Structure formats: C-alpha cells, structure tokens
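Letters A, B, ... are given to chains in the order of the sequence lines, protein chains preceding strands, and every chain is numbered from 1. Quick caveat: nothing in here was measured; it's all calculated off a predicted structure.
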Protein chains: 2
Amino acid sequence: MKNTVSISQENYLKVIFKLQNEHGIASNQSIAEKLEATPAAVTGMLRKLASLEWVEHTAYQGAVLTAKGQRIAISTIRKHRLWEVFLVDKLKFKWDAVHQWAEELEHIGDADFTERLDAFLGCPATDPHGDPIPDANGDWTGNERVIGADKLSREQIFTVRGVSNSASDFLQHLDALNIHLGKRFEVLDHFPFDGSWEWSDENGESLRISREVAGQLLVELSKKEK
Amino acid sequence: MKNTVSISQENYLKVIFKLQNEHGIASNQSIAEKLEATPAAVTGMLRKLASLEWVEHTAYQGAVLTAKGQRIAISTIRKHRLWEVFLVDKLKFKWDAVHQWAEELEHIGDADFTERLDAFLGCPATDPHGDPIPDANGDWTGNERVIGADKLSREQIFTVRGVSNSASDFLQHLDALNIHLGKRFEVLDHFPFDGSWEWSDENGESLRISREVAGQLLVELSKKEK
DNA sequence: ATAATTTTTTAATCTCACCTAAACAATAAC
DNA sequence: GTTATTGTTTAGGTGAGATTAAAAAATTAT
C-alpha cells in the first residue's frame, strides 16, 4: 500500500522542516505565515500529518518531523532545487524568477524520475542560489566553510557561494551590483558607522556594499593570493 | 483580472477538444469515460466551464469549445507534447513511460515558460509518438500525408510517422518488433484472411504485422526507390 | 497572583470536485 | 405510438483543505 503525499502535505512538511532547523520546533503560527494560511488551517493539517506519522504534534507547542516526514521533506527540497537548476541552466531563466515554477515542479516525479533529472543536470551540488542539493539518500553536504559576508575582516579574500535570502528584489539587486556565485572579492574596508563595506573585485574595481546586502550573502574564504 | 484555469478544468478542456475533433461534439458520457469520472460529475463541470465561457453546453446534447476554450486546450496539448519530448530526449524515458508524467507537467508554466522549453528542445515538430506539436499560436501542421498503415497496398514504400494509440502495451509491442518512428518499410504482401501484413525493412528483413498493429500505425508514403 | 495579551484550538461554514441514486429526456424497438 | 433502453440531469452527500469567529490555553505584564 503506497502512502501517497498530497501537494498540500508536501508543502507543510517542507515548511516544517525548514522551521524546525531554525528554531528546533515549528510553531503553528510560523507555519501559517510561510504557507499564507490561517493558524486554524495549520492545526487541522498537523492533526492529519500526525495521524500519518509524518510529524509529532504537541498541542499548543508545535510540530517536529518524524524520520519519515523528514525523508519526504528532504526529497521535496531535492526536487525543488534540481528543478531550479534546470530552469536556470537549461531554460535560461534568471535566478530570481525560478522559485515560483520550482514550487510547482517539486511535486512531480518519483525517485526514478528525480534521479534521471539529476543525471541529466550533471548531478549539481547546489542550486542557482548556492543552496546545497541533498543527494538521493537525503544526505546534505552542508558547506561548513561558508559564512555570512558580514563576518569578514579586512584583506580577506573570499568567493561568493550563496544567498540566505532568495527574494526577487534582493537577487535583482545583486545582479545590478554584478555580484554572482563564484565571483571573488577582497575586503578593502568596513565602516562600523552604517555597517557597510568596501570590496574590490578581481579586476581591482572597488564597490560599496551595504550592511543589508553583506548580511544575506554567503561566502567562502580563500587562501591569500600570492 | 487573470482568469486562472484549474488542473481539472484543463483536463476537461483537453478531452473535449479531442472528442469534438472526432465527433463534432463531446457527449457527456464520452467525456466521463476519458476522465474516469461519472456523467454526473461531467454535467457539473460543463456548467462551470460554460459560465467561464470556455465551452458551449447544450443540455442533453453535449459540449463544444469556444475560441477561448480551444486556446487553452491547444496550449495544454502543446505543453504536454513538449514535456514528452523532454522526458524522452533529455531524461531518457522510454516512449511508453512518458504519458503519466506529462499529464502532470502539462499544467505547469505560462506562455513564456513554454516558449523557453520549446526553444531548449529545439522546437520539435512532433512528440515521441509522432503527434504534431501545435506552435505558440496554436496552429497545427497537421501532416496530411500521414495515413493508417492498414490503408497500404503491395510494393508501397513508407516511413513510420506516428501511432494512433499510445497505450504502453502497444508501444512496448512495437519496441519488441523493432518498429520506431522514422523507420522505412516496403509492403510485401497483405492477407485478407486475418488482415495481417508482410513487410520488409531496409535491410531486407521481412516481418509479419497483425491487423491490430497496422491499424494503429501512422505512416507516410515515399516515392518508389530506384 | 491577577490581569492583559498572544497563540492555539474548536466549531461551524465554504468551495471544489467528486460520488450515488433517483428523476427526467431522448432514442430505439416493437 | 406506447414501451424499453440509453443517456443526462438533479438532488443529496463526501472528503480535502481552506475560512471566520469564538473559546481555551499559554505567555507576558503589572
């Protein structure tokens, strides 16, 4: 008997997964916000997910995924991120335009389908925003060398590896600044007054970065250049 | 105000489109069969589609698409067939395994998305079963030179161009016979007793084809070879 | 500790798309 | 031209997933 997951259920599991990774537990309200539903709707769905043994729900506390629920959530995230790679690499969408379509595509396909998609895309390690793609077993290669760009200090050389915010306006702003994944910079200066930065790119062009931008950029430190 | 189409509605429009092309009008019952629903469900949905002005529904008669409804139906068919090409060409699915996934994928993407997919696939003219893919304007290049393989006569040389039945068991049988789109044959003989045929392929290998197979194969006549 | 506020749950309804069973048309048979 | 058959519609109901509004529990403030 094949336990089938509805689209709505998959969305709940995905959101609970992300929330519990941030806060240990997913509160009713935080789930409701992310899904743009009412708390009452969340209570009802949590009841159902609990009966399916995909979450453990403690009344008035919140929800935590079971091992089964986590498997489903990770698989959905894997599909989402693979489709994002498809949309950017193959269909030439800009990176700020892929989320809405990936939200729909992530519900399509079984394990075989997903592995074919993965192979076709060349088994990418990250999606277009730098987020790691879980492998077929649900394991992550969480890149521990990646830190927030607001944690840098002068003269450090680093490579942009991801964003912690994939909202369109932020991504478009990065495009305007000509900042993209894989680009290397050096920290020239930091200004505590407003938290802004001065960086230089590989051509020696310098640019100013606001606190807001640095705070949502994920970077990897490089060895000093000779 | 964006008139949004539900998945269920798209499926109805697609089925009505195909039925009305065969019989001029789509009867309640024929729609119900194709969608594996009850006639009562069809009545209800036709009412809604009529109120949206996508079909014209005459009680006890049947349904016919309006121009708007036809546009939606053709767009859905276009997406379905493009996704089938993707699944076979890119994800390496066999041609008998793509329908179920395409049924889900066909509901995803807007006009821009579809044109990107089309471009990525190289603007294919037909899907993996030989069915023509409507262009972005909804126009078909209905291949009038294609006829049923049961209409052939002795010594004619022809190329397999499509199938009029995409059921898995039929497609797998064709694979077993090593018959695929684009392959050329010559009619050696026809046996009225059971309606079967003897053909030869380009290597001179002869093979026997049942009435059932010939009746569902679409072929294009070639000029006689010198 | 009690009051005020926030969060969660319950209760009652809504919409969508489906179902079954019965009533009603249209078609075909005699 | 009644009668039988087939096809369609109505009527009433179900289940999933949502809603609003009110009740209950938890948290925070005084």
Side-chain angles (χ1 to χ4, degrees), chain A residues 1-16 19-20 22-65 69 72-73 76 103-104 106-107, chain B residues 1-16 19-20 22-65 69 72-73 76 103-104 106-107:
Chain A
M1 110 203 170
K2 141 178 272 183
N3 235 350
T4 184
V5 194
S6 78
I7 289 176
S8 186
Q9 288 165 355
E10 263 188 11
N11 285 332
Y12 272 86
L13 294 175
K14 197 179 52 158
V15 161
I16 294 167
L19 287 170
Q20 99 179 36
E22 283 175 46
H23 310 113
I25 194 166
S27 78
N28 194 310
Q29 184 160 249
S30 58
I31 298 169
E33 272 169 26
K34 291 250 185 195
L35 292 172
E36 297 185 351
T38 59
V42 175
T43 300
M45 182 57 98
L46 290 183
R47 207 177 278 303
K48 168 145 293 164
L49 294 176
S51 83
L52 290 163
E53 300 186 311
W54 292 333
V55 308
E56 276 171 38
H57 180 219
T58 317
Y60 292 99
Q61 295 296 121
V64 174
L65 296 181
I72 299 170
T76 306
E103 281 290 306
E104 299 184 36
E106 71 187 3
H107 304 295
Chain B
M1 110 202 172
K2 143 175 273 184
N3 234 351
T4 184
V5 194
S6 77
I7 289 176
S8 187
Q9 290 166 355
E10 263 189 9
N11 285 331
Y12 272 84
L13 294 175
K14 197 179 53 159
V15 160
I16 295 167
L19 288 169
Q20 99 179 36
E22 283 174 46
H23 310 112
I25 194 167
S27 78
N28 194 311
Q29 185 160 248
S30 58
I31 298 170
E33 272 169 25
K34 291 252 185 190
L35 292 173
E36 299 186 344
T38 59
V42 175
T43 300
M45 182 58 97
L46 291 183
R47 207 178 279 301
K48 167 145 294 166
L49 293 176
S51 82
L52 290 164
E53 300 186 311
W54 292 333
V55 308
E56 276 171 37
H57 180 220
T58 317
Y60 292 99
Q61 294 297 120
V64 175
L65 295 182
I72 298 170
T76 307
E103 282 290 307
E104 299 184 36
E106 72 187 2
H107 305 295

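- For the pair B:Leu35 CG and C:dC18 P, the interatomic distance rounds to 8 Å; values are reported in whole Å.
- Counting 5' to 3', DNA chain D first comes under 4.0 angstrom of a heavy atom of chain B and last does so at the ends given by D:dG7 to D:dT10.
- The shortest non-hydrogen separation linking B:Ala50 to B:His57 is CB-CB, 4.3 Å.
- Residues A:Glu10 and A:Ile7 form no side-chain contact, since every pair of their non-hydrogen atoms from C-beta on lies 4.5 Å or further apart.
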Between protein and nucleotides 2-16 of chain C, map the contacts as a letter string: B base, S sugar-phosphate only, - none, heavy atoms under 4.0 Å, written 5' to 3'. -----SBBB-----S

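- When rounded to the nearest whole Å, the span between CD of B:Glu10 and P of C:dA17 equals 12 Å.
- Considering CG of A:Leu49 and OH of A:Tyr12, their distance stands at 8.0 Å, rounded to 0.5 Å.
- Contact record, A:Ile25 with A:Ala63: CG1-O, 3.5 Å, taken as the closest heavy-atom pair.
- Using a 4.0 Å heavy-atom distance criterion, A:Ala41 is classed as a base contact.
- Nearest heavy-atom pair across B:Glu103 and B:Asn11 is OE1-OD1, 4.2 Å.
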Side-chain donor/acceptor pairs under 3.5 Å, residues 26-45 of chain A, sequence neighbours excluded:
residue, atom, partner, partner atom, Å
A:Ser27, OG, A:Ser30, N, 3.1
A:Ser27, OG, A:Ser30, OG, 2.9
A:Asn28, ND2, A:Thr43, OG1, 2.9
A:Ser30, OG, A:Ser27, N, 3.2
A:Ser30, OG, A:Ser27, O, 2.8
A:Thr38, OG1, A:Ala41, N, 3.4
A:Thr43, OG1, A:Pro39, O, 3.3

Are A:Ile16 and A:Val55 close enough, and set up right, to give a side-chain contact (heavy atoms from CB on, under 4.5 Å), and what steps lead you there? CA-CA 9 Å; A:Ile16 294 167; A:Val55 308; 4.0 Å; yes

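- Within the model, atoms NZ of A:Lys48 and CD of A:Gln9 stand 7.0 Å from one another, a figure rounded to the nearest 0.5 Å.
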